[in-house]
Number of protein chains: 2
Amino acid sequence: MKDLTLTEEMFLLAVWKLKEEAYGVTIRQYVSEETGRTYPYGTLYSALDKLARKGFLARSTGDPSPERGGRRKYYYHITGQGIGALRAAMELKRLLWDSDTEIALSKI
Amino acid sequence: MKDLTLTEEMFLLAVWKLKEEAYGVTIRQYVSEETGRTYPYGTLYSALDKLARKGFLARSTGDPSPERGGRRKYYYHITGQGIGALRAAMELKRLLWDSDTEIALSKI
DNA sequence: GAATATTTTTACGATATTTCGGAAAAATAG
DNA sequence: CTATTTTTCCGAAATATCGTAAAAATATTC
């Protein structure tokens with residue numbers, strides 16, 4: 001099981017957090033608001049695609065119901081495997097960044 | 001300031017943790033013990049090199065004093081910039097993985 | 001129903017970066 | 001000279017990221 005890259009981790013986490021409202025635009029916006037990093041669509045969709053191919057995300061076609069027109073959205077949902085990948089990422093961070101580490105680093 | 005990749009982060013943290021004892025072999029071993037991931041030397045030294053080029057690590061030639069012979073070690077030391085990079089990584093992780101997130105994820 | 005406005009996704013080649021392997025070379029002590 | 005330790009080498013293959021214009025899909029207005 002390969003590690004998630006940082007961007008994969010961010011997008012996957014965003015999908016999970018956004019629950020039923022995760023589609024391209026909101027995902028990009030969420031990450032941007034939380035971290036201050038704004039990604040081009042190329043990066044975003046290519047990462048979402050890869051996460052879907054790996055089985056960490058599933059995609060569903062949204063009902064067309066925007067108020068002023070516009071293309072259908074594709075909603076993303078995290079899968080069980082996706083949760084597993086997030087858990088693994090969390091665990092790895094915990095191994096590396098135990099609380100002693102964090103405290104020591106903030107004291108310098 | 002670009003983000004650290006996961007492997008860069010691991011090796012940089014390892015150097016910091018190992019203090020005066022950080023050289024190729026111990027760094028590799030430390031990461032392996034902490035995370036269960038064993039990296040080939042190609043990956044290790046190429047990452048250390050990159051970290052040094054970025055100014056996050058400095059290298060010093062070790063006194064030749066191994067007990068049974070062997071090549072000189074090159075010790076790595078984290079720089080001020082390196083500390084900064086670790087801090088940034090820590091902060092980013094905090095933004096993404098706040099405690100609510102961690103709790104929610106462990107409850108599933 | 002045609003034209004327009006709006007929203008969202010797709011496309012895709014170019015670049016840059018990362019990771020791998022592991023044998024070979026270098027440096028040193030006995 | 002031999003044993004030991006550590007680093008270097010290096011090209012190949014896999015991946016990641018970028019940029020952004022264009023296309024697709026839908027609602028609204030006339």
Side-chain angles (χ1 to χ4, degrees), chain A residues 1-12 14-15 18 20-32 35 37-54 56-77 85 89, chain B residues 1-12 14-15 18 20-32 35 37-54 56-76 85:
Chain A
M1 217 170 291
K2 292 207 42 188
D3 291 310
L4 296 171
T5 65
L6 179 57
T7 45
E8 285 180 311
E9 180 182 313
M10 289 197 287
F11 291 138
L12 190 52
V15 169
L18 287 166
E20 303 306 311
E21 286 307 322
Y23 68 100
V25 172
T26 54
I27 293 167
R28 181 163 175 266
Q29 188 178 14
Y30 177 88
V31 168
S32 170
T35 72
R37 286 159 176 75
T38 303
Y39 290 93
Y41 282 108
T43 305
L44 168 69
Y45 284 108
S46 133
L48 290 176
D49 217 53
K50 193 181 37 183
L51 287 168
R53 279 199 310 274
K54 286 188 188 173
F56 297 160
L57 288 179
R59 207 176 81 151
S60 74
T61 304
D63 278 342
S65 61
E67 302 209 339
R68 282 185 285 276
R71 192 171 173 172
R72 267 161 197 262
K73 304 171 172 78
Y74 287 103
Y75 288 102
Y76 289 89
H77 319 274
Chain B
M1 218 170 288
K2 291 206 43 188
D3 291 311
L4 296 170
T5 65
L6 179 57
T7 45
E8 284 180 313
E9 181 182 312
M10 290 197 287
F11 290 138
L12 191 52
V15 169
L18 289 166
E20 303 307 311
E21 287 306 323
Y23 67 99
V25 173
T26 54
I27 293 167
R28 180 161 174 268
Q29 189 178 12
Y30 177 89
V31 167
S32 170
T35 71
R37 287 159 176 74
T38 303
Y39 290 92
Y41 282 108
T43 305
L44 169 69
Y45 283 107
S46 132
L48 290 176
D49 217 53
K50 191 180 39 180
L51 287 167
R53 279 200 311 275
K54 286 188 189 173
F56 296 160
L57 288 178
R59 205 176 83 150
S60 74
T61 303
D63 277 344
S65 62
E67 303 207 337
R68 282 184 285 276
R71 190 172 177 173
R72 268 161 195 260
K73 304 171 174 79
Y74 287 103
Y75 288 101
Y76 289 88

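Computed from heavy atoms alone, side chains included, the values below leave out hydrogens, waters and symmetry copies. Proteins come first, then strands; the chains are lettered A, B, ... in the order of their sequence lines, and each starts at number 1. Remember, it's a predicted structure, so these values are computed and weren't measured experimentally.
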* Which of the following nucleotides, C/dT10, D/dT17, D/dT7, is nearest to the side chain of A/Y74? -> C/dT10
* When you get a sec, tell me which of D/dA25, C/dT9, D/dT6 is the closest nucleotide to the side chain of A/R72? => D/dA25
Protein-nucleotide distance ([X], atom [atom1]; [N], atom [atom2]), rounded to Å:
| X | N | atom1 | atom2 | answer |
| --- | --- | --- | --- | --- |
| A/R28 | C/dT10 | CZ | C1' | 14 Å |
| B/L6 | D/dT15 | CG | C1' | 15 Å |
| A/D49 | D/dT15 | CG | C1' | 14 Å |
| B/E21 | D/dT6 | CD | C1' | 14 Å |
| A/I27 | C/dT9 | CD1 | P | 8 Å |
| B/D3 | C/dA16 | CG | C1' | 16 Å |
| B/R53 | C/dT18 | CZ | C1' | 12 Å |
| B/R37 | C/dT19 | CZ | C1' | 15 Å |

* For A/T5 and for B/Y23, find the nucleotide of DNA chain D with the closest heavy atom, then tell me which residue's nucleotide is more 5'. => B/Y23
Taking side chain as C-beta onward, heavy atoms only, is [X] less than 4.5 Å from [Y]?
| X | Y | value |
| --- | --- | --- |
| B/L57 | B/L12 | yes |
| A/F56 | A/L4 | yes |
| A/R37 | B/D3 | yes |

* Between CG of B/L48 and OG1 of B/T7, what distance do you get to the nearest 0.5 Å? -> 10.0 Å
* **Nearest-0.5 Å distance that lies between atom CG in B/L44 and atom CD in B/Q29** => 12.0 Å
* **Check: A/E8 side chain, A/T5 main-chain N or O, donor-acceptor pair, under 3.5 Å** => yes
Anything under 3.5 Å between a protein N or O and an N or O of nucleotides 2-6 of chain C, put it in a table, one pair a line.
residue: C/dT6; atom: O2; partner: A/G70; partner atom: N; Å: 3.1

* Asked: Within the structure, does a side-chain N or O atom of B/K50 lie under 4.0 Å from either OP1 or OP2 of C/dT17?
  -> no
* Less than 6.0 Å separating the ring centroids of A/Y39 and A/F11? -> yes
* Asked: Can you list, by residue number, the residues of residues 39-48 of chain A that have a non-hydrogen atom closer than 4.0 angstrom to DNA chain C?
  -> A/Y41, A/G42, A/Y45
* Structure fact -> Which of B/Y45, B/Y41, B/Y23 passes side chain to side chain contact (heavy atoms under 4.5 Å, CB included) with B/R28? It is B/Y41
* Asked: In this structure, which one of A/L51, A/T26, A/I27 forms a side chain to side chain contact (heavy atoms under 4.5 Å, CB included) with A/V15?
  -> A/I27
